[in-house]
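Step one of this worksheet: look at the structure below.
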Amino acid sequence: MERIHVSVRARPLSPEDAKTSPWRISGNSIFIPNHSSKFEFDRIFGEDCPTQEVYQARTKDIVAAAVRGFNGTVFAYGQTNSGKTHTMRGSAAEPGVIPLSVYDLFDTIEKEKDREFLLRMSYMEIYNEEINDLLVPEHLRLQIHENLERGIHVAGLQEEIVASPEQVLELMESGESHRHIGETNMNVYSSRSHTIFRMQKRKTESGDKHEDEGGHTSCDAVRVSVLNLVDLAGSERAAKTGAEGVRLKEGSHINKSLMTLGTVIKKLSEGAESQGGHVPYRDSKLTRILQPALGGNSNTAIICNITLAQVHADETKSSLQFASRALRVTNHAHVNEILTDAALLKRQKKEIEELRAKLQGSHSEYLEEEILNLRNTLLQTELERERIALELEEEKKAHAERERRLQEQAKKIENLSTMVLYSSRDENRDNIKKGKRRDTWCPGALSRETLGEARPTIDVKGSAGKTASSRHEMGPLLPFDELVNEIEVGLDNSCKIEEDHDHGAQEDSIIPNPQSLMHVTSRRKASTRNKTVAEVNINPVEIHAAYDDLLIKFENQIW
Ligand SMILES: Nc1ncnc2c1ncn2[C@@H]1O[C@H](COP(=O)(O)OP(=O)(O)OP(=O)(O)O)[C@@H](O)[C@H]1O
């Protein structure tokens, strides 16, 4: 929301008028001393102020905004002979707002090299409430239309494509030749019509360019803005202008349209539009054409031309009241963008792609979180697997230890068997050698001392091929049962020693004590050892028998 910018420009006075002028200007205020009326505006330009300064005050910004796509309207308002045409058209010596705007417009466009512009100009007048085309004189009584695409526009109005300020000004000069100008008592070249100089800019936004599959560049947005520069006909009093006939009729239409403009401004200043009230835009061609500029989509500035002469004090006061009301009118300018169907599709496609990219981005975040969770789960599984592997390894070691002990026990048993068999073979050999055998066995007849002299020394070799380095002395020759009892007593001690003994690899090379082995074969307390006996199929009865045989052979050997 931005209100209409209103400035006041006072035209130079003759020395006589200057002496009698009741008006005083102080800053941006104008008033009549000792009078209740005091007006304040955005700017007040004195009689010595050049048009360039007037242009710089606001119009320059409106032109720049028009290049960016905002509608703009600047119009000069005031009584006849107040300097409106001088302000808007100017002269060769002092160009007016229109030529200054045209040059500025092209300058701005040239600086915006990345944009593509298409400029058109039109020039029309509203004469006696009829719209005529000043560029094409045959185009008379044109009608005002309104539609969604073009808004309010004059149908059939010539729109010349222009490429330079000089071309524009030439066309403008040409149009001036068709304008209704008449002589009145107040102004030799009095404008008898309102003129509207219009520049339309169609801008294609380079930022919206796209390259299609064929590599061609197309634009999907076109900004269209309209700059209206209006030189109104001046309000006049027939008594002062001396208008008669045609001039009187012209003056009547001028006054009527200006009165409608005043009413529209008054209504807008009172907030009628925002309150849903009626604003009589359609009561005149002027207000209808300028409707977007008055409370609508446009940056608007009004330059109120006045004369400070005493003789025109009432008209000046009336103009200042109009301008003062206009200060309270607000507009809502915005960029006007036109999209073709193809352009609309392209833009929507672009938006969809952007949304899809955003969606994929958020989905990717979700996936990353999922991957992180999976990685954590995987890590936990790996740790669990390693823990189980360690436990398995420990179990294997324990199992191997058990197997090793079982094998040791088996070897000991096997050694015992081998020892028994070896002794048996030696006895047979000695028996054959001596040819002597004892038929009965009398243990009581044998003293331990006697037996000790005859106790053989046996070199025992392991059946597994291991060399037994230890030499074991045979104990006293006892009956088998007695021997077993003795062994059990001995093995209790042996077990204790064995428990304290390191079961290293060195132990494998030691020939087991046969007595210990006998313990292994007969001891019922140790279930594992009984199991070992069963596994190696050593029958204690057989050992018993073999032992008896050995004793007999041994005795035979002695005797
Ligand atoms: N600021 C100014 N400096 C110098 N001369 C001026 C100035 N304003 C107006 N004039 C002169 O005053 C005369 C009338 O001005 P102008 O034609 O612009 O008035 P107008 O408001 O357009 O009148 P009308 O409504 O009858 O067309 C012209 O000769 C113009 O050169």
Side-chain angles (χ1 to χ4, degrees), residues 7-18 21 23 25 30 43-57 59 74-100 123 125-128 134 172-173 175-197 229-244 246-259 261-262 286 302-309 311-312 315-316 318-320 322-323:
S7 58
V8 171
R9 185 183 196 191
R11 62 157 292 174
L13 292 173
S14 65
E16 293 76 22
D17 288 336
S21 174
W23 298 99
I25 296 174
I30 181 169
R43 287 290 299 273
I44 296 179
F45 303 103
E47 54 189 293
D48 298 326
C49 183
T51 302
Q52 178 69 37
E53 193 174 329
V54 175
Y55 172 76
Q56 293 282 344
T59 308
V74 178
F75 62 88
Y77 176 94
Q79 73 172 105
T80 184
N81 202 38
S82 61
K84 299 181 293 297
T85 302
H86 176 81
T87 299
M88 297 306 292
R89 275 190 60 203
S91 62
E94 188 176 12
V97 166
I98 294 175
L100 290 174
Y123 200 25
E125 68 169 1
I126 302 172
Y127 176 71
N128 288 347
L134 293 176
M172 189 179 170
E173 282 299 317
E176 281 294 317
S177 64
H178 306 299
R179 183 181 180 184
H180 285 84
I181 296 173
E183 184 178 351
T184 67
N185 290 343
M186 290 188 67
N187 191 348
V188 178
Y189 298 101
S190 179
S191 302
R192 310 315 293 165
S193 62
H194 310 298
T195 60
I196 301 173
F197 172 85
L229 303 174
V230 184
D231 179 13
L232 295 177
S235 57
E236 59 189 39
R237 289 183 176 174
K240 287 189 177 179
T241 58
E244 296 176 346
V246 174
R247 295 287 172 266
L248 186 62
K249 184 184 175 187
E250 292 168 351
S252 174
H253 282 291
I254 291 168
N255 287 339
K256 186 184 173 191
S257 60
L258 290 175
M259 191 172 71
L261 176 62
L286 175 68
I302 295 175
I303 302 170
C304 182
N305 292 91
I306 60 171
T307 173
L308 302 178
V311 67
H312 302 303
E315 289 87 344
T316 298
S318 177
S319 294
L320 293 176
F322 167 87

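First listed ligand is number 1; within each ligand, the first listed atom is number 1.
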- Query: If you measure from the Lys or Arg side-chain nitrogens to the Asp or Glu carboxylate oxygens, is any gap between Arg179 and Asp231 under 4.0 Å?
  - Reply: yes
- Message: Listing request: all salt bridge (charged side-chain N to carboxylate O under 4.0 Å, His left out) pairs with a residue in residues 74-96, at least two apart in sequence or in separate chains.
- Response: Arg9-Glu94, Arg89-Glu173, Arg89-Glu176
- In terms of side-chain heavy atoms, does Glu125 have a donor or acceptor partner in His180 at a distance below 3.5 Å? yes
- Message: Can a side-chain donor-acceptor contact be found between Ser257 and His194 if the only test is distance below 3.5 angstrom?
- Response: yes
- Query: For ligand 1, what are the residues with a heavy-atom contact below 4.0 Å?
  - Reply: Arg9, Arg11, Pro12, Gln79, Thr80, Asn81, Ser82, Gly83, Lys84, Thr85, His86, Asn187, Ser190, Ser191, Gly234
- Message: With no hydrogens and no angle check, just 3.5 Å: does a side-chain donor-acceptor pair link Asn187 and Thr184?
- Response: no
- Query: Measuring from Phe197:CZ to Met172:CE, what's the distance to the nearest 0.5 Å?
  - Reply: 6.0 Å
